[in-house]
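In what follows, chains carry the letters A, B, and so on, assigned in the order in which the sequence lines appear, proteins first and then strands, with residues in each chain numbered from 1.
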Protein chains: 2
Amino acid sequence: MMTAPHSPNDMMIRKLESIFKLTSEEEQALQELSIQTRDIGTNQDIVRVGDQPSQCFLIVEGFTCVHKVSAEGKRQIIAIHVPGDVPDLQSLHLQVLDINISSITPCKLGFIKHTDLYQLCERYPRLAAALWRETLVHSSIFREWLLNIGQRDAYSRVAHLICEIMLRLKAVGLADGQSFEMPVTQAELADATGITPVHANRVLQALRSDGLISTHKHQVTLPDWEKIQQAGEFDPLYLHIKQEVPA
Amino acid sequence: MMTAPHSPNDMMIRKLESIFKLTSEEEQALQELSIQTRDIGTNQDIVRVGDQPSQCFLIVEGFTCVHKVSAEGKRQIIAIHVPGDVPDLQSLHLQVLDINISSITPCKLGFIKHTDLYQLCERYPRLAAALWRETLVHSSIFREWLLNIGQRDAYSRVAHLICEIMLRLKAVGLADGQSFEMPVTQAELADATGITPVHANRVLQALRSDGLISTHKHQVTLPDWEKIQQAGEFDPLYLHIKQEVPA
DNA sequence: CGGGGTGTTGACGCATGTCAAGTATGGTGG
DNA sequence: CCACCATACTTGACATGCGTCAACACCCCG
């Protein structure tokens, strides 16, 4: 398991390193990026529909979610973001935000000015490509969620989401073996999978009694990875996680 | 209503022009892009999950859809693409495709080599940004579809989808006033909204009897734009269509 | 020790799925 | 020009997964 990075800049660098080998010049530029950190509490809005941000934020610690609310007041969670993610990278090229982003745990965030990112992209096309790629991976996750919500039953949806979070946390060193911290309430889980909180509760009970998950507080353990993967029809291809070639 | 563009290159140029004013140098470079056109019939696979394409394709004529199939064999249509779109732009930076793309009408496609696009992006960062932006808009559409499928009832979902297609066709000059050609079968409509074909049929009947749509073959007319927009809770913000400032 | 957020449970209803059988429709070959 | 077929669309009867409502239990934090 990797050690935690020390600065937001290190986090960005480590993330991009997982895509391709950075040149020392590129690494230098990232090291010099000005990133303002800020702490926020649980359930705080970070950005809102209609905003026109002049900066992006990197999650250093904590979880956030992207969500939209229908005219009827129903909330869909569109994405869950974990440390290392830049949830509103899209705002670089889309002026007006079409989503809300809120914290679902206390968070430490690192803010980066758009103007700095523009410069970075212009000078280092490979970094531009890497950031572009980052947005494409999130796009791919949206597509899988569409399949999940559109075609699978509640049981599979929840299993699928749990598998996804497991792997994404593993990729940033926040899960080891079978367990990880998943600080998501049942209501949030429900909004992310398009079911009701009551039904989410029943599905979780079914998963527990089928031996696919066990939970203690928000610590989740997956005793049988194969089985929950099957239950969720989970195939990690869509996460586009580069295979680490062991040294 | 605009006149139809004459070449794939003109189409690309017109599309990018709608985002920002191209310099003559940029326009020149686009004009010189090598694009191979090919015609295909209805229901042909263009690319498939697992492919590693070395080119992207532009839709010159016709409609395509992006879709994924669950382990149970259920198909979710993730996106519908119309002339002017480049449905697999993502393959530029994600090696392995996580989706299938098929024609839903006969199509004329223009294929562009990745290597040519890489060069273009490196030389003209503004064009890179415009293409990036293009993928971000599609991403935004995925998010709205998630809200649509996750939180709205079947009636609203279908109304919403119809509104979206209407506006996107209008943006490329393929819809005028209230009518447009929507060559999508009820089965496809069902797969795109996460309902069954039988239910899609009943919803369409309801929309007709409520006076929100009228159809003749695949020609759809929306007699009351306000009303169907309300029924679908449709707010076009997420399409990020630049407002044309009338001269 | 009190109170708000979270999790749990049961009874009941409904939107949507499923199954099964039709009826257009449009293209093709004789 | 008609017979035929495949594909698309319709319709009705019935089944069910999930939603809704309404309590209640838990538990951390102040």
Gap between atoms [atom1] and [atom2], on [X] and [N] respectively (whole Å):
X	N	atom1	atom2	value
A:Asp191	C:dT6	CG	P	12 Å
A:Ile213	C:dG7	CD1	C1'	13 Å
B:Ile149	C:dT16	CD1	P	13 Å

| message | Checking side-chain polar atoms at under 3.5 Å, does B:Gln229 have a donor or acceptor matched by the opposite partner on B:His160? | response |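 No pair is found: no donor N or O on one side chain lies under 3.5 Å from an acceptor on the other.
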[X] vs [N]: side-chain N/O to OP1/OP2 distance below 4.0 Å:
X	N	value
B:His218	C:dT25	no
B:Gln205	D:dC9	no
B:Asn201	D:dT10	yes
B:Arg208	D:dC9	no
B:Gln186	D:dT10	yes

| said: I need a per-nucleotide contact map over nucleotides 12-28 of chain D, read 5' to 3'. Cutoff is protein heavy atoms under 4.0 Å; write B for the base, S for backbone only, - otherwise. | reply: BB----BSBB------S
| query | Could you walk me through whether B:Lys68 and A:Glu233 pass the salt bridge (Lys or Arg N to Asp or Glu O under 4.0 Å) check? | reply | CA-CA 12 Å; B:Lys68 299 185 87 158; A:Glu233 305 185 350; over 6 Å; no
| field | End-to-end axis angle, where each axis spans five pairs of the helix from C:dC1-D:dG30 to C:dG30-D:dC1, to 10° | value |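 The end-segment axes of the helix from C:dC1-D:dG30 to C:dG30-D:dC1 are tilted 40° relative to each other.
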How about [atom1] on [X], more than 12 heavy atoms from neighbouring residues, nucleotides or ligands closer than 6.0 Å, or not?
X	atom1	answer
B:Gln205	CD	yes
B:Arg48	CZ	no
B:Glu72	CD	no

| Does a side-chain heavy-atom distance below 4.5 Å link A:Asp85 with A:Glu134? |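 Of all side-chain heavy-atom pairs linking A:Glu134 with A:Asp85, at least one is under 4.5 Å.
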| message | My understanding is that only one of B:Val49, B:Asp45, B:Val66 makes a side chain to side chain contact (heavy atoms under 4.5 Å, CB included) with B:Ile101; could you say which? | response |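 Exactly one pass, corresponding to B:Val66.
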| message | In terms of relative ring orientation, are B:Phe57 and B:Phe111 parallel, tilted or perpendicular, with 30° and 60° separating the classes? | response |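 Judged by the thresholds at 30° and 60°, the geometry between B:Phe57 and B:Phe111 is tilted.
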| field | Contacts of type side chain to side chain donor-acceptor pair (under 3.5 Å), residue A:Arg157, not counting sequence neighbours | value |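 Partners of A:Arg157 by the side chain to side chain donor-acceptor pair (under 3.5 Å) criterion come out as none, since no residue qualifies.
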